[in-house]
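Remember, it's a predicted structure, so these values are computed and weren't measured experimentally.
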Amino acid sequence: MPIHNASGIPGSRAVRSVIYDLDGLLLDTEQIYTDAMREVVRRYGKDFDSTFKRRIIGRPAIESARYTVSALGLPVSAEEYLRERNQLLVQRFPAAGSKPGARELVGHFHRHGVKQAVATSSPRELLEIKVRNHQHWFGQFEHIVSVEDADVERGKPAPDVFLAAARKLGAE
């Protein structure tokens, strides 16, 4: 099929920029998060199910930690819970692989000159560990925006991280 525009779809409008979420879309990290959270709460004789996980997924870490500690009645502070969880994540993130088709999609848009960015709720420290073994691939992004960046006021579910990525790409 001939390429008629950057999207590769004949008759469609040209794609000029793309913003991706990181976890669960580009990198297969969701199970790593789940396993680490489950391991920490089990230390205190607790567990959680998929309904609980849906309440915290994608939110800023401290907000999720406060909810988890409160809802499960954990005998630690939210900050201590995060320290325990993050120790496990730091060990496990280097093994995170790409989601099926993610590398190919990013490569396709890169070859066609489409500007791309990543927008994530991950703090910079964990973000850098996640992408460490994917440097070539992540080098195809013009920008990688973290929830900790100065121009991101609020974490998800607020759209701030995506809006910051759009501004950096020069997109509306």
Side-chain angles (χ1 to χ4, degrees), residues 6 13-38 40-41 48 50-72 74 76-94 96 98-99 102 105-106 109-110 113-135 137-172:
R13 292 180 45 199
V15 174
R16 293 187 304 271
S17 57
V18 178
I19 301 171
Y20 304 88
D21 190 19
L22 179 66
D23 295 298
L25 181 69
L26 296 175
L27 290 179
D28 195 5
T29 56
E30 294 299 329
Q31 194 60 49
I32 294 172
Y33 273 107
T34 299
D35 292 346
M37 291 184 292
R38 188 165 279 137
V40 172
V41 302
F48 63 87
S50 60
T51 301
F52 184 89
K53 183 180 171 184
R54 280 193 297 274
R55 291 185 186 129
I56 61 172
I57 198 164
R59 297 193 177 268
I62 191 63
E63 185 181 315
S64 294
R66 287 181 185 131
Y67 180 82
T68 299
V69 166
S70 174
L72 298 179
L74 302 181
V76 294
S77 68
E79 293 77 13
E80 180 58 30
Y81 166 83
L82 279 180
R83 275 191 292 279
E84 290 184 47
R85 184 201 74 161
N86 287 353
Q87 287 175 349
L88 296 171
L89 295 177
V90 165
Q91 296 167 7
R92 298 171 184 179
F93 278 151
S98 60
K99 292 293 282 185
L105 180 64
V106 170
F109 285 131
H110 182 71
V114 174
K115 296 184 295 183
Q116 300 176 92
V118 174
T120 181
S121 288
S122 293
R124 277 280 163 195
E125 175 188 8
L126 294 179
L127 168 62
E128 290 171 9
I129 293 167
K130 289 176 194 180
V131 303
R132 182 180 299 150
N133 293 331
H134 305 282
Q135 290 300 312
W137 178 33
F138 276 81
Q140 296 177 40
F141 295 101
E142 278 76 11
H143 301 283
I144 299 179
V145 181
S146 164
V147 71
E148 291 182 335
D149 289 2
D151 53 347
V152 178
E153 192 172 316
R154 300 168 296 163
K156 293 177 187 173
D160 297 22
V161 71
F162 294 100
L163 294 173
R167 281 190 301 274
K168 289 181 182 205
L169 290 175
E172 293 181 21

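Contact check for Leu127 versus Arg124: side-chain heavy atoms found under the 4.5 Å cut-off. For the pair Leu26/His134, no side-chain contact is recorded, criterion being any heavy-atom separation below 4.5 Å from C-beta on. Residues Asp23 and Thr120 meet the side-chain proximity criterion, which asks for heavy atoms closer than 4.5 Å. For the pair Ile56 and Tyr33, the minimum side-chain heavy-atom distance is 4.5 Å or more. Taking the side chain as every heavy atom from C-beta outward, Leu27 and Trp137 approach each other to under 4.5 Å. Contact annotation: the side chain of Asp149 approaches that of Lys168 to within less than 4.5 Å [non-hydrogen atoms, C-beta and beyond].
Note: Phe52 and Tyr67 meet the aromatic proximity criterion, with ring centroids under 6.0 Å apart.
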- Message: Set out, in order, the CA-CA distance, both residues' side-chain angles and the distance that settles side-chain contact (heavy atoms from CB on, under 4.5 Å) for Leu88 and Gln91, then state yes or no.
- Response: CA-CA 5 Å; Leu88 296 171; Gln91 296 167 7; 4.1 Å; yes

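The environment of CD in Gln135 is crowded: more than 12 heavy-atom neighbours from other residues, nucleotides or ligands sit within 6.0 Å. In Glu80, the CD atom is crowded: over 12 heavy atoms of neighbouring residues, nucleotides or ligands sit closer than 6.0 Å.
Put simply, OG on Ser64 and OH on Tyr81 are 8.0 Å apart, with the number rounded to the nearest 0.5 Å. Separating the CG atom in Asp35 from the OG1 atom in Thr29 is a distance of 11.5 Å, to the nearest 0.5 Å. Separating the CG atom in Leu105 from the OG atom in Ser98 is a distance of 11.5 Å, to the nearest 0.5 Å. Phe141 contributes atom CZ, which lies 10.5 Å from atom CG of Leu169 (distance to the nearest 0.5 angstrom). Rounded to the nearest 0.5 Å, atoms NZ (Lys156) and CG (Asp21) are 3.0 Å apart. Note that CD of Glu142 and NE2 of His110 are 7.5 Å apart. Values are rounded to the nearest 0.5 Å.
Counting all heavy atoms, side chain and backbone alike, Gln116 lies closest to Val106 at NE2-O, 3.2 Å. The shortest heavy-atom contact between Ile62 and Glu79 is CD1-OE2, 3.7 Å. The two atoms that bring Ile57 and Glu30 nearest to each other are CD1-OE1, 2.9 Å, heavy atoms only. Taking both residues in full, the closest heavy atoms of Leu72 and Val41 are given as CD1-CG1, 3.7 Å, listed atom of the first, atom of the second, then distance. In terms of heavy-atom proximity, Val76 sits nearest to Val69 at O-CG1, 3.1 Å. Ala119 and Ile19 get closest at one heavy-atom pair: CB-CG2, 3.9 Å.
Taking the charged nitrogens against the carboxylate oxygens, Arg66 and Glu63 have no contact shorter than 4.0 Å, which rules out a salt bridge.
Using modelled atom types, no side-chain atom of Arg16 and backbone atom of Lys115 make a donor-acceptor pair closer than 3.5 Å. With hydrogens and angles ignored, the 3.5 Å screen pairs a side-chain donor or acceptor of Asn133 with a backbone N or O of Pro94.
Under the side-chain contact (heavy atoms from CB on, under 4.5 Å) criterion, Leu163 pairs with Pro159, Arg167, not counting sequence neighbours.
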